[in-house]
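Below: one structure, written as structure tokens.
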Amino acid sequence: MRRGKRQEYDRFRVENLKDTLLFICNRLAEHFGPLHWWPADSPFEVVIGAFLTQNTAWRNVELAIAALKRAVPLTPQAICGLERQRLEELIRPAGFFRQKAQRLQLFSGDLLEHYQGDLDAMLAGPLPQVRRYLLEFKGVGPETADSILLYAAHRPSFVVDAYTRRLLQRYGILQGGESYEQIRTLFMENLPLQTDLFNEYHALIVEQCKTFCRKRPLCDSCPLQPHCAVIL
DNA sequence: ATCCTGATCA
DNA sequence: TGATCTGGAT
């Protein structure tokens with residue numbers, strides 16, 4: 001009987017992606033409460049954090065940003081004005097410090113040269129166009145571009161990361177071989193295009209995967225039980 | 001498929 | 001001591 005209900009729900013789920021995606025979001029929101037991302041004092045600080053957090057624990061990013069803030073104001077002018085090696089030393093705790101220092105200065109330089117340092121101006125215009133512009137920067141892949149669009153520009157561009165893949169795959173929505181763009185499109189075609197929703201949803205997925213849906217999952221206390229299809 | 005990088009935790 | 005962390009470039 002319990003088994004029958006489970007099968008029935010599985011069929012319902014596959015045919016109603018929109019409802020399922022909202023259901024997951026609501027469940028996580030009930031469990032974790034509001035997370036109010038992205039923790040930063042300015043949109044440009046969000047950009048800095050988006051570069052620094054690539055394949056890096058957020059804790060280490062905090063150390064780097066704190067050191068950077070003690071040294072200079074977080075503006076494109078100041079980032080460009082730093083000696084490369086000096087910038088490398090300041091952001092060292094975030095790892096990959098050489099490539100990240102170079103890429104931060106390339107981005108800041110373009111922002112100064114073409115937009116007089118006005119980030120809002122750079123991020124204005126049609127979403128797909130701005131996204132393509134961001135993706136041209138060295139060090140900006142799809143996740144970093146969408147993070148900047150969502151958390152610095154407050155635009156409804158869904159952020160997909162390794163956590164998102166893992167959660168959706170275990171839940172039974174993804175099979176495993178899907179591309180970044182496919183997964184992003186899945187969210188954006190099945191959810192209302194609302195910045196606040198995308199903002200909270202991605203933050204909740206990160207929190208969920210750090211807490212329960214880890215590589216070694218903790219299904220016992222997971223807020224998505226018994227709906228998840230994870231096979232251990 | 002491999003490299004870039006440092007701090008934390010199992 | 002190794003795996004992992006809000007990836008991206010070559």
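Chain A is the first sequence line, chain B the second, and so forth, proteins listed ahead of strands; every chain is numbered from 1.
No donor-acceptor pair under 3.5 Å is formed between the side chain of A:Ser108 and the backbone N or O of A:Cys80. Although no hydrogens or angles enter the test, the distance criterion places no donor-acceptor pair under 3.5 Å between the side chain of A:Thr53 and the main chain of A:Gly49. Between the side chain of A:Lys100 and the backbone N or O of A:Leu52, at least one donor-acceptor pair lies under 3.5 Å. With hydrogens and angles disregarded, a donor-acceptor distance shorter than 3.5 Å links the side chain of A:Asn199 to the backbone of A:Trp37. A distance-only check finds no donor-acceptor pair linking the side chain of A:Gln182 to the backbone of A:Glu178 [under 3.5 Å]. Judged purely by atom type and a 3.5 angstrom limit, A:Thr56 uses its side chain to pair as donor or acceptor with the backbone of A:Gln54.
If you check residues 45-70 of chain A against DNA chain C, the residues with a heavy atom closer than 4.0 Å are A:Thr53, A:Gln54, A:Asn55, A:Thr56, A:Ala57, A:Trp58, listed by number. At a non-hydrogen distance threshold of 4.0 Å, A:Arg92, A:Gly95, A:Phe96, A:Phe97, A:Arg98, A:Gln99 from residues 79-107 of chain A come into contact with DNA chain B. Listed in residue order, the members of residues 198-210 of chain A having a heavy atom less than 4.0 Å from DNA chain C are A:Val206, A:Lys210. Listed by residue number, there are no residues of residues 135-167 of chain A with a heavy-atom contact under 4.0 Å to DNA chain B.
Scanning DNA chain B 5' to 3' for nucleotides with an atom closer than 4.0 angstrom to a non-hydrogen atom of chain A gives a first and last hit of B:dC4 to B:dA7. Running 5' to 3' along DNA chain C, contacts with non-hydrogen atoms of chain A at under 4.0 Å begin and end at C:dT4 to C:dA9.
Annotation: cation-pi pair A:Arg184/A:Phe158 absent, no NZ/CZ under 6.0 Å from the ring centroid and within 45° of its normal.
Hydrophobic clustering keeps A:Val47 apart from A:Leu106 (ILVMFWY residues linked when any side-chain heavy atoms are closer than 4.5 Å, directly or through intermediates). Under the 4.5 Å side-chain heavy-atom criterion for grouping Ile, Leu, Val, Met, Phe, Trp and Tyr, A:Leu112 is not connected to A:Ile48 through any hydrophobic cluster.
One C1' atom belongs to B:dC4, the other to C:dC5, and the distance between them is 14 Å to the nearest Å. With P as the reference atom, C:dG8 and B:dA7 are 22 Å apart, rounded to whole Å. Comparing B:dT5 with C:dT1, their P atoms sit 25 Å apart, to the nearest whole Å.
Crowding of A:Glu30 atom CD: a count of heavy atoms from other residues, nucleotides or ligands under 6.0 Å exceeding 12. A 6.0 Å sphere centred on CZ of A:Arg86 holds no more than 12 heavy atoms belonging to other residues, nucleotides or ligands. Residue A:Gln85 qualifies as open at atom CD: its count of foreign heavy atoms under 6.0 Å is 12 or below.
Between A:His31 and A:Phe212, the ring planes are perpendicular. Angles over 60° get that label, and only those under 30° would be called parallel.
Note that the SG atom of A:Cys219 and the CZ atom of A:Arg170 stand 7.0 Å from one another [nearest 0.5 Å].
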